[in-house]
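Encoded as structure tokens, the structure appears first; notes follow it.
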Amino acid sequence: MTTTEHGEQRAARPAEPARTRPPFHRRHRSGLITTASIVVVLAFWEITGRRMNPIFSSYPSAIVRKFDVQVRSGLLPQALLDSLQPLLLGFCVAALIGIPVGLLIGRYRAADAALGVYVTAGYAMPLVALIPLFMLWFGLGFTVKVVIVVVMTVFPIVINTRAGVRAVPRALTEVGTSFMASELHIVRKIILPATVPHIMTGLRLGIGRAVIAIVIAEFFTAIGGLGGQIILAGQRFDTAGLFVPVTVLMVLGVGLTHLVGWLETKVAPWAGPADTDQD
Amino acid sequence: MTDPLAEKEKPMAANQAGVSIEDVSKTFVTRTGKQVDEVHVLDHVSLRVEPGEIVALTGLSGCGKTTLLRILLGLERADSGRVLVNGSEVTGCGADRSMVFQNAQLFPWRSALGNVEFGLEARGVPKSERRRTALEKLELVGLGHATDRRPDQLSGGMQQRVGLARALSVDPAVLLMDEPFGALDAQTREGLQAEVLRIHRETGKTIIFVTHDLDEAVLLAHRVVLMAPNPGRIDRIFPIELPAPRTDLVTVRGRKEFGAQRHEIWHRLMTGASAQAAAEPATT
Ligand SMILES: Nc1ncnc2c1ncn2[C@@H]1O[C@H](COP(=O)(O)OP(=O)(O)OP(=O)(O)O)[C@@H](O)[C@H]1O
Ligand SMILES: [Mg+2]
């Protein structure tokens, strides 16, 4: 839509040299290399895996067969659902807590002095160590999974939101002040939108940690969900059955992270390419 | 404190305000590690701006023009001295003043229209009304066709014009502008200069603006205030004697007085820069 008024000008200029489209293999060079790499690794795995003891290893075709069986029996969809529900709920709760807290401690020094130390500690410490305590408090059901996801996800969200608030140029908030905007108006209409790219980065890191958190939670607590499937398969020496939920988790992690990354470009189109700090 | 000049202009009194800068000083303290630096930015600056007057501030880079404007706006506090607008002391930002910032300072997530609406929104103007006003102001600065574009889709000059529209949207009695037309091409700049003069004729706003362009200073202002650096102070004030309704800027530029006045300021600026130590007291 930005080109509408330049349309005529452009037409008046000498025609651009007709760009010849590069051939298919040029345009998708890195994609082709990645695909080839995956094919080679899978083929290697298939060949070597078949020669090994099935207790210690498995191979792609066996995993695919197992996958098919588990989908038909409804076992896998059920496990996925059992994991996905606390994961998404926990993630949303973490976002609903993390974003306001991040805004608060980013904006107000006193709030940061009061709460910042816990945020730093929570981000740095291995929160897995607290899981036995959470089990004492919340039992072994759905609740404890949600709690573990929240606790492990909330800190990167808070930290990134706070960093985002700190990065808002003073000049922009001063525009608000100069037009007599109230503090609430400044926070809602200047700080929050200016921080959106950072918040989205926090959410992207958070969703990755949420996937890790749900697996750990299921390892520790209940037999259920994808994590539970992994434990069960391991106990039964069912190596192919173990790889099925592992693969699903991998796809889930990559997919959710990409989804948030895609949202990032949708909600903050002005921000250009997202910063590339990864966990 | 009653102002005789404000009294005379009764019909516009509601939207007119004089500005009185009284003995304003400002020092910035910067800390880099253990080193503490004091920058004496403004040194006992006094200036009276009549209601409806246009004053241009000019002078070398770093002589405190932006700082003075920020103090007038209320974003910065003077260390000593005070500023009165329409007789009441400035203690913070006010509804009677707005500013066109040096680098536009638009919100990158808002469209041009949204940016212009911001000031009205902050003041609780209902949606339909602020939309109408914002469109009107964008039209005024020649951006009626680009209302939906975000700042990253606008050129620097267009951004600056959005900044002007935003400052005008709240209908301030005192309009402050910090190098508003610096990034514009000559044609657009002259168009906007004429626009500012037209707005001034119609509304009688007090306008205080910073410029490095002496042509612009002489063309627009009733008085040009030349500042000198280290510490920032008023070096000299040049009243501009050009015929009152400066409607046709091209003709004004061609006049003998225009060139003479411009040269006088330029000469003082250059000699002042080389012989700073021998600064003489400001002449009013
Ligand atoms: N917040 C601040 N902290 C420390 N020093 C500052 C601050 N703001 C301005 N200064 C200093 O004050 C001096 C005057 O700055 P100011 O921006 O008012 O100059 P100016 O006349 O507007 O210059 P220019 O024409 O380049 O815009 C400069 O030396 C600058 O370094
Ligand atoms: Mg400046």
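All chains are named by letter (A, B, ...) in the order of the sequence lines, taking the proteins before the strands, and each is independently numbered beginning at 1.
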Under a 4.5 Å heavy-atom cut-off, does chain B meet the side chain of [X], its backbone, both or neither?
{"X": "A:Arg170", "value": "side chain"}
{"X": "A:Ser182", "value": "neither"}
{"X": "A:Ile190", "value": "both"}

| task | Name, in order of residue number, those residues of residues 63-77 of chain B that have a heavy atom at a distance of less than 4.5 Å from a heavy atom in chain A; otherwise write 'none'. | result | B:Arg70, B:Leu73, B:Leu75
| message | Quick check: under 4.5 Å, non-hydrogen atoms only, which of residues 118-128 of chain B neighbour chain A? | response | B:Phe118, B:Gly119, B:Glu121, B:Ala122, B:Arg123
| query | Just how far is it from atom CG of A:Leu172 to atom CZ of B:Phe101, taken to the nearest 0.5 Å? | reply | 9.5 Å
| said: Within this structure, what is the CZ-CZ distance for the pair B:Arg97 and A:Phe179, rounded to the nearest 0.5 Å? | reply: 12.5 Å
Around atom [atom1] of [X], are there more than 12 heavy atoms from other residues, nucleotides or ligands closer than 6.0 Å?
{"X": "A:His258", "atom1": "NE2", "answer": "no"}
{"X": "A:Arg188", "atom1": "CZ", "answer": "no"}
{"X": "A:Arg27", "atom1": "CZ", "answer": "yes"}
{"X": "B:Gln187", "atom1": "CD", "answer": "no"}
{"X": "B:Phe28", "atom1": "CZ", "answer": "yes"}

| query | What are the two closest heavy atoms between A:Met180 and B:Cys93, and how far apart are they? | reply | SD-O, 3.1 Å
| Over all atoms of both residues, closest heavy-atom pair of A:Trp270 and B:Pro108 | CB-O, 3.4 Å
| message | Please enumerate all residues that pass side chain to side chain donor-acceptor pair (under 3.5 Å) together with B:Thr188, with sequence neighbours excluded. | response | B:Asp185
| task | Keeping to residues at least two apart or across chains, list the salt bridge (charged side-chain N to carboxylate O under 4.0 Å, His left out) pairs with something in residues 91-111 of chain A. | result | A:Arg107-A:Glu183
| Contact winner vs chain B - A:Ser178, A:Ala171, A:Ala181, heavy-atom pairs under 4.5 Å | A:Ser178
